[in-house]
Each structure stands twice: as C-alpha cells, then as structure tokens.
Protein chains: 4
Amino acid sequence: MRFASDNRAGVTPEVLAAVEAEAAHPGGGYGEDRTSHRLTEAFTEVFEREVTVFPVLTGTAANSLALAGLCDPWGAVVCHREAHVLVDEGGAPEFFGGGLRLVPLPDDGPDADRIDAAALDGFLRTAAGGRNDVHQVPLQALTLTNLSELGRSYTAAETAEVAGLAHRAGLGVHLDGARFANAVAGTGESPADLTWRAGVDVMSFGATKNGAIGAEAVIYFDPDRATGFERRRKRGGHLLSKMRFVSAQILGQLSDGNWLVRARRANEAATRLATGLAAAGLASTGPIDGNELFVRTSATEAARWQAAGVECYVDESSGSAPTVRLVTSWSTTDEEVDQLIALAGGDPAREEKA
Amino acid sequence: MRFASDNRAGVTPEVLAAVEAEAAHPGGGYGEDRTSHRLTEAFTEVFEREVTVFPVLTGTAANSLALAGLCDPWGAVVCHREAHVLVDEGGAPEFFGGGLRLVPLPDDGPDADRIDAAALDGFLRTAAGGRNDVHQVPLQALTLTNLSELGRSYTAAETAEVAGLAHRAGLGVHLDGARFANAVAGTGESPADLTWRAGVDVMSFGATKNGAIGAEAVIYFDPDRATGFERRRKRGGHLLSKMRFVSAQILGQLSDGNWLVRARRANEAATRLATGLAAAGLASTGPIDGNELFVRTSATEAARWQAAGVECYVDESSGSAPTVRLVTSWSTTDEEVDQLIALAGGDPAREEKA
Amino acid sequence: MRFASDNRAGVTPEVLAAVEAEAAHPGGGYGEDRTSHRLTEAFTEVFEREVTVFPVLTGTAANSLALAGLCDPWGAVVCHREAHVLVDEGGAPEFFGGGLRLVPLPDDGPDADRIDAAALDGFLRTAAGGRNDVHQVPLQALTLTNLSELGRSYTAAETAEVAGLAHRAGLGVHLDGARFANAVAGTGESPADLTWRAGVDVMSFGATKNGAIGAEAVIYFDPDRATGFERRRKRGGHLLSKMRFVSAQILGQLSDGNWLVRARRANEAATRLATGLAAAGLASTGPIDGNELFVRTSATEAARWQAAGVECYVDESSGSAPTVRLVTSWSTTDEEVDQLIALAGGDPAREEKA
Amino acid sequence: MRFASDNRAGVTPEVLAAVEAEAAHPGGGYGEDRTSHRLTEAFTEVFEREVTVFPVLTGTAANSLALAGLCDPWGAVVCHREAHVLVDEGGAPEFFGGGLRLVPLPDDGPDADRIDAAALDGFLRTAAGGRNDVHQVPLQALTLTNLSELGRSYTAAETAEVAGLAHRAGLGVHLDGARFANAVAGTGESPADLTWRAGVDVMSFGATKNGAIGAEAVIYFDPDRATGFERRRKRGGHLLSKMRFVSAQILGQLSDGNWLVRARRANEAATRLATGLAAAGLASTGPIDGNELFVRTSATEAARWQAAGVECYVDESSGSAPTVRLVTSWSTTDEEVDQLIALAGGDPAREEKA
C-alpha cells in the first residue's frame, strides 16, 4: 500500500515508450532537436497560446530558475509559509537567485496552505505603507502552488484574485505546478484559465510526479520574461546534451491527453480513499481537491498501519494524535485503496456499491 | 556519417534495458533506493576501493559541484586553457563555487591540451614564490581532463606527476572524466591507477557520452572530501526524486564491463578512421588516444564533406585551412567510417586487408 | 531638537583628536600598523581576555561578515523579526553569506523586540523535532542585538539563557552590538559578562552611533572562529589601505573610558526625556534601558512637534495614534531635552528640582 | 625615505580640515546631506557634465560595484593581466558580480601594463569570430586603469581607441582611476577628455592615494547605467550612515584644485627621482607618466637601500637583478628624493642646478 509520495511511483508506459522511441535514433544536442520543438507545439496547444518552454530535470531547478528571473538578488519573493520552495528545496531559490529572500506571509488566514487573498492584501498594503528605501529588501515576486503542498487547489478565480493583488503591488507571479495536472483534473478548469488568463507570468509544469522519470518544464507566457533563462539554466548545470530525452518524456505524457488521464486516476483514488476512511470514522482534515489527503489518528493506529505495510508520512510533531499524509498516484490501484480502508476498519465493498 | 559529437548518439541497449527494469517497480526516493546502493558497490569494484558516489545529471553539474568542494569562494582552481570547465560550461564552476576563479595555466607547453608537468611546476613555483597574502586569490585546486578536450589521454604515470605537483603545492586534485571510459580503454590502465593511486581526490565519471541518457557520477576517493556535497547537490536542484533511474543507467553501463566494451568500440572506430584518412593524405594533427581526431584540410574540402552528409565540427577560426573535429561513439559503424574515408579519397578496402 | 537617530550626531572630540593624531604621521597599510595593534590591546583589556579584532566601516558589514563565518551558504541564522540584519540591511547578510537564510522567530513572545527564551526554546525543539534532512535549510547560528532595535537591553543572565539554548541546539551565537556601549552603561554589567562569559562567540562592536565617523569592529572571542574572516573582509572591499584611521577612531573612543562616558550621557538624556514626558502624560511604551524611547501620541501632536523643529521618526503605520521614536546621543543636551518636554506640555524645571 | 606606496602617506591638511568642519555640525544620514550634494556639484564641474556620484570607502569596492553593474553574473570582464582588479582585490569583483569572470587579455603587446589596442582588437575579433552560445561566458565589459598599475598613463586618444573597440564589440567600459589625479596631472588633458568624451561609461575616482583617509567615488556618466547601484552598495555594507564624512574628504580634495596640486607634486617628485637615478646610472624601466618608477638593480644594492631606510617594494621574483618599485606621493619631499639619489651614488645638487 504505497501512499508515501507520488514520486515513489514508477514510470507510465507512455513515458517509457517515448524514451524508447527517442533512443532509437540520434538527435540534436542541448534541446536543438525535433522532439523539443514538438514539445513547444504541444504546450502551445495545451495553453491555447504561444509559450516559451524550457525543460529541466527537477522541480527544485524549475522553481529556482523561474524565481531568479523574477527577482533581483537584493529582492524578495512572497510565498506561503508551507511552500515547497521555502521548506523543501534546501535553499535552492536563494542559491539560484544570488541571495534573494523568501518572505513567508506572516499571517495567511485559516485556509490550509493556500495563500489567502485577504491576508495577502493586508500584507502588501503594510509593506507598501511602510518604508521602502535602500535599507529594505523590496518585494518583487509572488509564488503560489497549485495543487498546494497540502493537496488543495486554487480555482481560476482564486488564482486571478491572488495574482491580481500581486500585480497591483508590482510583483511578478510564479506558479509552482509540480501537481498542476491534478489541479486541472480536480478543478475541471482549463490550463489557460488556471495560469496566464489568471495572471500567472511563469510556471513550473511538473511531469515527474505524474509518471515521468525526471522531467519538468518552465513555461513563460510572456517571452520577454525569459531573458537570461538559458544562461541561468546552463550555468546551473541543467542543460542536458541529450535534452531530447527530457522533452520526450513530457511529450509522451501530453500526447493523447495522457497527463490528465493519469492525474484523474490519482485524484479518483484519493477521493475513494477519503470516502472509505470517512465511513470508517476517519474524516479528512480538509476537502480532497487532488491526490492528497490528511487524516488525524492515534499514534498507535498509525504504527499499526505502517506495520501492516502502509507506506505513508506520519507527522510526529503532532504528538499523540499525529496527522497522516496519504498520497495517491497514477499507479494507485483500487485494491491498494480498499486494502487500507479495510485496515482502518472500513468497508470498501459498501463504497463499491454506493 | 555522424562524427559531430558522442553526445549526439543514442542510448545503448543495456542502458535502456536498465531504465525499463527500473520502471517496472516502485523504489525509494532521492537516491535512497536499492539501485543506487548497488551502484556504489559496482564503483567500489571498478575502483578497487570504497568510494563515495553521487549521481548527477550533467557533466557540468558534476564538475562544478566537485570543484566547489575543493575550493573556497575566494580561491582559485588551476586548469588548462582549453578545459571544458573554462570554455564550455557557461560559468557554472564560478556559480557553484560562489565566485571562485578559474586560472588557466599561462603557458602550458606544446602538448596539445594536456597539462604539461614542467609548465605546471613553473607556474606553481612562481605563484608560490610571489606574494600570497589577503589581496591575492589563493590557488586551492587543480582540475585535469582525461581524455582531454582534444581527445588525448594521460597515463597513470602522467596523472601522478601532475597530481603530485598539485598536492605538493597544497592543491586538491579533480579529474574531469567525461570520457574516462575512453581513457581507460585507450591506455589499458586500470581505473584505480588512473585516479586515486595517481593522486586524484575526486572525479566526475561520465556516462552520457558513452551511451547513457543523462547520467554522471561524482566519485570521492576520500569520504572526508565529500562534506557538504549533498547540501550543494540539493541546493543546485540536482537531487532527483527518482534518482534511481540515473543510478540505473550507470549501473547498466557498468554491468558486464559494458562501459569498456562501448568505449573500445568508439576508440577503434577513431583509429580506423585516422588510419584511413592518413592513407588518403589527411594525417591527424596528433596521436589518437581515444575517440576523437582532428585533421586539417581546405575549407572547400570541409564544405564538400558536409554537403555529402558528414556531421562534424569545423573550426572556422583556422581560416582557409580549417581544422575538422571528428568524434566517434559507441554507435559508430565501420560502414560510416569507411564511407568518410572513401569520400576523402582513401581506400577503406585496403585498410580492411591490412 | 535632534532625536531622529544617534547616527545623525557629529563626532566626539576624542575621536576627532585621534584621527588628527593619526594624520600627523605615516603608517603601515591594511591594518598592519601600530594603532591597529594597540586597538587589539585595548579590546583585550575591555573584555578581560585575548580577542581577535577586525575593524570594518559599517555595522552592516560587521554583522554580515560575522554571520557568514557562522553559517554555511545553505544554512540559516535565527533572529528576531525586528532584527536590524533582517529589516534594515538591504539583504547584506544573504549577500555575504552566499545565500544563507535569515529565519525570524515565528512567535517570540510579548517582550518588545528581544528574543524570548521560552519562544526560542519552543522553536528550536520544533525545528529539531521535525525533519532535518538535505531538503531543509539547517539552523546554524543565532543573532541577538543588545541594545535591541527598540532600545531594550539583555542582562548577562538573559544573554546566557538565550545563548545557552542556541549552543545546545548546535548554533553559533552572534551579538549585534551597534549600541553595545549603551547596553553596558545601562545594565552596569561588564563587557565580558555581557558577551563571552554569557556564550557569545562573535560580536559586532559599534562605535559609529557613539561618536565615531564610521568605525565598527568584529570581535572574536574564540580565534578559531575567525578562519576566513580576512579573506571575506578583503573580498567585500572592507579592508582599507589606511585602516589605521578606523582603528584610531575606536581607540580614541575606548581611551580613558570615553566610550562609556558618552554612552552614559546618551542614556541619561533618554531617561530625563522619558521622565519629563511621562509627567506630561506621555508614558513610554516600555522601560528605558538605553538611549531610545517610544511614546504613543496623536498624529496631530506628532505633526506639531515636527513643525516645532523636533527631528524624530514617526511610525505612520500605527494610524491616528502613531508611535514616535526618540533617540538621544552623546551630543544631546539637557536644553534640547527640556525644550521637547516643554513642547509636550511638561515642566522641565520640576524635573530639575526633583 | 618613504617610497613604498602612496597609500602609506598621511592625510592632506585640506582633507583633515574638511573632516573637522563636517564634525562641527550634525547632518543627514546615508548620503542625504548637503556635503554629499555639493560633492556631486563639484564633480559636475570637474567633468563638465552632469554626473551621478556614489562615494564609497575603498578602491576595491568602487571597482567591484562598478563592474557588477556592467556585467551579468554569467558574463566576463576583459582586463589587463596586471590589472588591480585581477591581481590585488582578493576576488572582490567575482564576489560583487555574483560569479562573473575576469578575462585577462591573452597577449596584450609589449607596452608595459597598458591595454594594447591591437592586441585587444585581435582578441575581440577572435572571441566574436568563435562560438558565442549558451556554453560560453559572454564578454560584457572592459576595464582599464589610468594610471596603470605600473604607473603609465593613457592619453585621451589612447583611451578613446581602446574604449571604441570595446563599444564596437558591445562591451561597457570602466576606468579604474585609483590614480586618476596623477593621470590628469601627467597628461595635461582634461578629466572629461580622459573619460566620457573618450567613451568611458563609469569610473572609480580615487582620493585615498592622493591624501584622503579613505574615500573613493563611483561616477556614472550615463545615469541609466547606475540602475541597481544603490541596492548593491547598501547590500555590500558600503553605505555609511555618516557618509557625509566621506563626501567631505573628496570635496576638500577637489576644492581649489587641490587634487591636481597634490598629484602634480607627487609626479614632480617621481620625475626628479628618475632623473637623479638615471644620472647615477639607474635608468627607469619605462617612461615616467605619473608617480611611480621602476629601476632594475642588484639584490645587494636593493638590500643596501633598505638597510639605509628606504621603504620600497623589491620584486624578488626577478632574481639577482630585482626590480625596485618607487612610489612618490603628495607628501614626498625633495629632501627624501635627493637623499635616495645620493644613496644611489647620484648628485642631487647637479640636478638642482640643471
């Protein structure tokens, strides 16, 4: 029962097939190849507009390179206090950004780990109302994550509200889309509506958690923002000679709408799991927008699950009633889900019938 | 006729098979997986001693991360004036090294692009004999490349001489082994003799040019030197969640001695090509130690080759008698080689009989 | 009535005399001179132990250079959310620290802007109890400020409590002593007790606000901590050829106990002002530990003061009842103080008699 | 006999008087003060055009901050192989430039340490004729030094030739003017002709070696180039709260043409010394353009001088016939000069009569 992380899953057949097809022939180096050009076309279709696309290897690289383009070394990027860039990337944004500062919103409302528009508004007003001279670190960008770290989505309208506030304060807007496919699948809104139409300037498009080997893309909706990106990518060691294999992975994922098929599967598994656990008396701590859920249980119960083979993350800082994180993926089977529900004392069969 | 670069070649069957096998099952994240552990064992066997192994994605990342560990931000790394780290990595060593300086040897002798021991000795004596106070940038490391950029190898004895001079001056020693397999195949000396037994402290082991998709490894022969590496790698965005796929590629290459089989094939093709071209009156500019050769011809002839479908790099800065670089790879066929020889006016058949 | 900042004041006669004396003769360059050596002796006496002393020009440079020595580029420095390094140094700590992160204590208790030991303890336990792997930014140092930004002092016991918690968690301890003289004068405790005996590893000793032209010193209590400092200082452009003039300023200040005489004068002026204003109905928002006080008044009253020639900082983010910051200096006269008290409706004469 | 360095000299009376005058009154902080505004006016007059002026403390800071504004972190600055920025600033340009690269001209002609126009032209053509893609470090700026490290000057025409080549290749042009006063005094050409009229975009104007305590100024001839400078200066810890004292030093130096009077005195002393030594059989190694001369003598003779109290730099790397550097300053007296001439076996009296 693998619910530890969607990046523990294997690789989808379509990604593997794309790599195999690429391996069958030689190709141009450093992203100057047909597959990479086709990738740009594919993204143009997905986003309903011309885009500038830069494949990279990791989400950390994608986020850090994108933020470095939005913010001076002496500037700051506003983020949520639970943002992956802040808590899980080992200082990479500061490194790529030449010492820029990440500023978590001091109070960002009651809404799980999504940026609260009212809290952001208040913060930007205070920051703008206070001193803004050479002694301060000027706010220059905002980054938001969809799905959020805790599995919540922003709708297009919610994204537009947050991005609008940022733009009014003169900040560029970055979207960390490590699980963007799950957000699209969950909201049912279009990639365009969730990004550039809502004011996103640049995004990290995640493929790895959705079944790729290791492939992400930085996508600029305004090509002018991309100045310097190629230099930064090369300088960060993220320009592969055989970049075409990275492009191939994402292209394989995008083809035939596979990326959304896979994301939907992951989301459905999470919903099935949440429903089953709730019936067993273990309600999720929040709505299920994508492929993550959190339940609060006893330390004993959590230990029992793990002993029974459930791979999951248990937040032990919560003490005797820890929060358990359960992440589904494109490869999660109904059997796995039902096995866990049964373990928790639920009745998967009933769910099946309902 | 593909002689442009060994990184244009495809992927060897054994690498592809290793990726496919890895894709068939889930695995631990971020290098904490069985395949990665087996990779360390495989390298331990290859180098006849315990080693600390860190897979990364690109040679640029491998070199830059390794050098950052050998040199303070205010220090300098001595290199050849043709070194890849200096002329082909877009400033990555300076970036990862926090602003360290690359110092090309001012006069490094007549020997193609290998570091000349006498020239190095003179340079280190001058540098040491001059001022070395807080106003200067202290020399802290040396990097050498085997095969060199121009396809020349260092023997174990030559490596030991250069590394010995560096150590006596207090410098750490890094080996850029983007084509290390070709050097081992060409010299016939053992990996251990060519590295740690000769005084190399840390190396970049290249797999990409030898048939991987994108996989290199930084190998520390002294684990104490590795302090901070994991932090740097994460911070540079080079820690993949599915690192096991990178490890798998290299492991597939190392298994059954494949890496040397492939490198030998590339070297043989280069020798065959050089012999044939020489017979046609186009002598190589230097000895063929590995899988690269350089011939000087007329601009007209170079253009004729390219028109006939020869992919190769023509150094136009050489004027009307340009130098043509020809690189073979594991995938180069005798047919391709003979086709080019014939095009150059040679007689491949005669070679065959000889 | 100059209460805007102690760095607006002029230069004390003893500092000017020291500069003039230094100007009368040539001297060694780059800190290799008799005056600089005498400065180290003077600090050795002040701190009752051997110390390593590095003069620099600004408090920002002193703090940033000191923190860079305590924290890796991928590490973090814990500070108060009002700390000068965080809110007033334009990102200098991140710059000198190669991208290190400043982490303000998330909830640091009710105690103005001093680090609350209980809050720090809780934070360090959580941070240590949570994940601490390669994905996080490890906490490596703590910085505290005495006097604090809001003019509050730490006693030796309070310093020891905070520093002790930091050390137990493996953090180095830095003290920002831009107004250290005022803290010594205010607490009546010895420089040694307020620093190394309480666990401070390195401090920034401020002279500028206490009557120098521009002179601070980084003081290491453990010489081993100073490794790399000279390289960093040179590299930051903070090694003056005529460093002896910087040393002379501080030496002039330290001679004959002048530094404490001047600081006491500033503190007395603040106390006199606070007492007078309180009698006029304007109580300070907190205790007066040094040379700063804060009073809350109406926007109208604040405007009236400024119109009458009072130089002071009015925090307009507080709305219709703004907080007014009043800073005294070595040059503040009783006349200035009494003039402001009178303006506020108080009776300086009464104070005089009391 | 002090001929070691012009930064060993004391402080001119006019600089000291300016500091004393400034100390007599309070003033605005961080360069927002009357003295600093008057400094800009003074420079406007000196350069016959509006200029943007930023005082800083050291030449290293001035050069590094200026270069950081001309060159991206992934770019390169072309310089002479003897340039101060390369050999004497401890890596500061790389630090402030975020890892930029200094590229010494590979062969810069026979002309002492001035940039040779023909050599520069050849280098820029090769660099431009070669590859210039994402793998290279693009050339973005040129820096030249007037007086050069070896005491040679560029005329306005020579400056224009070098700067013109740089501009044609798309490079910004920086002038290191640590001894600019001596260059103006020596060439007899105007500050405007030697800088912006000749194509200099930004310069470091040195005051320290000409009698200040510690004061330099970065001067932009095109205000648009100055973007970001204030942020960089603050972030580097080079914005003093009492910046007015730095401005005062330079203003005192500029007033009444003092800066040129002092520089002329230093230059005359050097010429007198060179003439006297030549008459004694010790010809200078090159023309005397300013306040530095170099003579070649025996190691025994050099030792004899030093034993007799001559402070000077002896380049021992030259072996048994070392080069001795003799630097004069505003404070060098004819007596000192004649004393050394006599020591060398010359006849100062004869010089006097001639």
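By convention in this document, chain letters (A, B, ...) are assigned in the order of the sequence lines, proteins followed by strands, and residues within each chain are numbered from 1. Note: hydrogens, waters and symmetry copies are ignored here, and every other heavy atom, side chains too, is used.
Looking only at heavy-atom pairs under 4.5 Å with chain B, the residue among A:Glu94, A:Arg2, A:Glu22 that has the most is A:Arg2. The residue among A:Arg231, A:His238, A:His25, A:Glu20 with the most heavy atom pairs within less than 4.5 Å of chain B is A:His238. If you tally non-hydrogen atom pairs under 4.5 Å between each of B:Gly237, B:Gly59, B:Gly29 and chain A, the highest count goes to B:Gly237. Note: A:Ala23 leads A:Ser331, A:Pro13, A:Ala23, A:Gly98 in heavy-atom pairs under 4.5 Å with chain B. Between chain A and the residues B:Pro93, B:Pro26, B:Ala61, the most heavy-atom pairs under 4.5 angstrom are made by B:Pro26.
Residues B:Arg265 and B:Asp334 are paired through a salt bridge, judged by an N-O separation under 4.0 Å between the basic side chain and the carboxylate. A salt bridge does not link B:Glu89 to A:Lys234: none of the charged side-chain nitrogens sits closer than 4.0 Å to a carboxylate oxygen.
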Would you please test B:Thr60 and B:Thr58 for side-chain hydrogen bond (donor to acceptor under 3.5 Å, both in side chains) and show each step?
CA-CA 5 Å; B:Thr60 294; B:Thr58 64; 4.9 Å; no

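Distance alone, capped at 3.5 Å, is enough to place a donor-acceptor pair between the B:Asp33 side chain and the B:Thr35 backbone. Remark: side-chain polar atoms of B:Ser148 are not paired, donor with acceptor, to backbone N or O of B:Thr145 under 3.5 angstrom. Of the possible polar contacts, none joining the A:Asp72 side chain to the A:Gly75 backbone as a donor-acceptor pair under 3.5 Å is found. In this structure, the side chain of B:Ser5 engages the main chain of B:Asn7 through a donor-acceptor pair within 3.5 Å. Judged by distance alone, the side chain of B:Asn291 and the main-chain N or O of B:Thr328 form a donor-acceptor pair under 3.5 Å.
Contact detail for B:His174 and B:Ala66: the closest heavy-atom pair is CD2-CB, 3.6 Å. Between B:Cys79 and B:Leu86 the shortest heavy-atom distance is SG-CB, 4.1 Å.
Against chain B, the residues from residues 203-211 of chain A that qualify, each with a non-hydrogen atom under 4.5 angstrom away, are A:Thr208, A:Gly211 in number order. At a heavy-atom separation below 4.5 angstrom, chain A is approached by B:Leu240, B:Ser241, B:Lys242, B:Arg244, B:Phe245 within residues 240-249 of chain B.
Under the salt bridge (charged side-chain N to carboxylate O under 4.0 Å, His left out) criterion, B:Asp176 pairs with no residue, sequence neighbours left out. In this structure, A:Arg233 has no salt bridge (charged side-chain N to carboxylate O under 4.0 Å, His left out) partners at least two apart in sequence or on a different chain.
If you measure heavy-atom distances from A:Ile213 to chain B, the contacts under 4.5 Å come from both the backbone and the side chain. Neither the backbone nor the side chain of A:Ala4 comes within contact range of chain B; no heavy atom of the residue lies under 4.5 Å from a heavy atom of that chain. For A:Leu239, the part lying under 4.5 angstrom from a heavy atom of chain B is the backbone only. Neither the backbone nor the side chain of B:Ala24 comes within contact range of chain A; no heavy atoms are under 4.5 Å apart.
Here the two rings, on A:Phe229 and A:Tyr220, have centers that are under 6.0 Å apart. Annotation: B:Phe95 is in aromatic contact with A:Phe95 [ring centroid separation under 6.0 Å].
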